[in-house]
There are 2 protein chains.
Amino acid sequence: MKSREETERRILEGVDRIIRTEGLGALGINAVAREAGVNKVLLYRYFGSREELIRAWALERHYWKDTLSANTPGDNRSWRERGAALFEGQMDRLFEDSTLREIIRWHISSEDPLSREIMDRVERDGQRVMESFSRFLEPEGDTEALVALLIGGIYYLTLVSDRTAVFNGIPLDREEGRNRLKRGVSRMAELIFRDTKEKKA
Amino acid sequence: MKSREETERRILEGVDRIIRTEGLGALGINAVAREAGVNKVLLYRYFGSREELIRAWALERHYWKDTLSANTPGDNRSWRERGAALFEGQMDRLFEDSTLREIIRWHISSEDPLSREIMDRVERDGQRVMESFSRFLEPEGDTEALVALLIGGIYYLTLVSDRTAVFNGIPLDREEGRNRLKRGVSRMAELIFRDTKEKKA
DNA sequence: ACATTATGTAACCAATCGGTTACAATGTCA
DNA sequence: TGACATTGTAACCGATTGGTTACATAATGT
């Protein structure tokens with residue numbers, strides 16, 4: 001009974017908790033109100049509608065830690081190696097962040113324009129990282145297509161890990177299998193950039 | 001007003017049509033009855049429930065044309081090349097068959113055990129093809145992980161092509177972009193199997 | 001002390017969902 | 001013609017959904 005700001009925060013935390021534990025499909029106004037320990041009337045008073053509530057939740061999230069910016073000054077790895085680490089880091093991030101997986105799931109599954117809107121935001125960051133990275137490599141062959149496939153593989157396998165324990169012989173539910181995949185991502189990135197020249201500039 | 005058999009077929013065709021045009025999410029009993037031009041009471045009389053109706057629809061489908069069995073006797077391609085063609089064929093199949101995409105979408109999105117049941121059936125076929133193929137190659141490195149990533153990439157990109165026109169600079173809605181991806185799949189398969197020995201047997 | 005803001009309660013709306021029931025109207029076949 | 005299977009109509013159930021309304025109760029700041 002005091003700060004509206006804090007109540008709004010509690011509601012958004014309820015949204016986050018529901019998405020993390022039950023998925024976006026379970027995100028109803030009634031469920032959120034229950035989860036946040038708040039009356040559902042407040043959701044409408046403060047956010048207007050279900051859609052705007054979800055949008056508000058999505059906007060306050062940051063989606064990509066810029067793995068590339070974690071370059072220490074004394075980093076003497078080649079850009080090929082850094083690229084491999086970049087993709088591996090993305091897979092790691094996705095395995096850890098269930099809400100991020102849920103957003104991708106949503107985008108793939110629904111026709112809701114809002115899911116596009118949010119997913120665009122997610123990928124804009126990733127795109128920016130990729131661009132700053134590709135400034136140092138001269139692509140050979142259709143690197144764009146190969147990278148698209150690699151990213152897609154990362155997306156799909158992390159998504160399916162919530163549903164299936166084993167995929168193509170790999171135990172997605174165990175650390176061992178996930179490490180095999182991350183090494184696979186790294187290896188595949190190396191294969192993609194194997195014939196790529198490094199720019200001098 | 002005559003053959004029960006034909007009416008059941010019309011219902012199943014209605015299911016198929018809805019899934020193909022509006023997706024599995026739109027597959028309600030009322031929608032199917034409307035689409036099939038039949039009273040919804042009949043759906044219950046003949047199939048029992050929504051779940052059994054979907055199961056009946058799924059069971060009468062065949063999911064993978066065995067690309068590998070399309071090997072003509074005079075085929076003198078290496079197994080590496082055949083592997084590349086195999087994956088490329090899978091991507092082609094997925095781009096063409098929207099209901100297959102819808103099944104994968106369903107499996108990724110919902111917790112419904114039925115989706116697992118059906119997806120298992122889908123992948124059992126694919127697994128069988130892969131096994132008969134890998135009998136001729138001695139893997140070097142974690143081929144399983146790399147193949148998993150490739151399949152995942154194929155799955156994700158075909159799924160996302162229903163929602164997004166451009167991914168990582170590739171126009172998913174145009175023949176040109178899809179061909180780039182298919183060539184990419186082929187190329188990636190070659191990269192994966194580059195260091196793989198062919199068995200003599 | 002008073003007005004303002006924040007929060008709550010509870011009933012209510014219209015729509016949709018999967019599913020059921022009772023009964024009437026057809027068509028088919030012997 | 002009569003028996004039987006097939007199809008249809010239409011009302012109904014209980015549950016859930018997103019969303020609204022009217023009104024009462026607290027806490028806050030000045």
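Sequence lines set the chain letters: A, B, ... in the order given, protein chains first and strands last, and positions in each chain run from 1.
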J.: Kindly write out the residues that satisfy side chain to side chain donor-acceptor pair (under 3.5 Å) with B:Thr99, not counting sequence neighbours, or none if the list is empty.
T.: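 B:Arg61, B:Asp97.
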
J.: Just the rounded figure in Å: distance from C1' of C:dT7 to CZ of A:Arg10.
T.: 10 Å

J.: Just to be sure I understand the geometry, which residues of residues 20-30 of chain A put a non-hydrogen atom under 4.0 Å away from DNA chain D?
T.: A:Gly28, A:Ile29, A:Asn30

J.: Which residues satisfy the salt bridge (Lys or Arg N to Asp or Glu O under 4.0 Å) test with B:Glu131, sequence neighbours excluded?
T.: none

J.: Using a strict heavy-atom distance below 4.0 Å, which residues from residues 40-55 of chain B are in contact with DNA chain C?
T.: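 B:Lys40, B:Val41, B:Tyr44, B:Ser49, B:Arg50 - these, ordered by number, are the residues of the stretch whose heavy atoms sit under 4.0 Å from the strand.
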
J.: Could I get the full list of salt bridge (Lys or Arg N to Asp or Glu O under 4.0 Å) partners for B:Arg105, not counting sequence neighbours?
T.: B:Glu102, B:Asp162

J.: Can you list every pair that meets side-chain hydrogen bond (donor to acceptor under 3.5 Å, both in side chains) and has a residue in residues 17-33 of chain A, with sequence neighbours left out?
T.: A:Asp16-A:Arg20, A:Arg17-A:Glu35, A:Asn30-A:Lys40

J.: Tell me the interatomic distance from B:Glu6, atom CD, to D:dT7, atom C1', rounded to whole angstroms.
T.: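 Taking atom C1' of D:dT7 as the reference, CD of B:Glu6 is at 13 Å.
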
J.: Please tell me if the side chains of B:Ile108 and B:Leu159 come closer than 4.5 Å, counting only heavy atoms from C-beta onward.
T.: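 Yes - at least one pair of side-chain heavy atoms lies under 4.5 Å apart.
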
J.: Taking the nucleotide of DNA chain D with the nearest heavy atom to each, does B:Val38 or A:Arg34 sit closer to the 5' end?
T.: B:Val38

J.: Figure out the CG/C1' separation between B:Asn39 and D:dG8, and round it to whole Å.
T.: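 Nearest whole value for this atom pair: 6 Å.
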
J.: Could you list the residues that satisfy side chain to side chain donor-acceptor pair (under 3.5 Å) with A:Arg10, not counting sequence neighbours?
T.: none

J.: List for me each residue that meets side chain to side chain donor-acceptor pair (under 3.5 Å) alongside B:Arg116, sequence neighbours excluded, and say none if there are none.
T.: none

J.: Could you state the CD-C1' distance from A:Glu8 to C:dT5, rounded to the nearest angstrom?
T.: 13 Å

J.: Please enumerate all residues that pass side chain to side chain donor-acceptor pair (under 3.5 Å) together with A:Glu13, with sequence neighbours excluded.
T.: A:Arg9

J.: Round to a whole Å and report the spacing from CZ of B:Arg4 to P of C:dT28.
T.: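 Rounded to the whole Å, the gap is 17 Å.
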
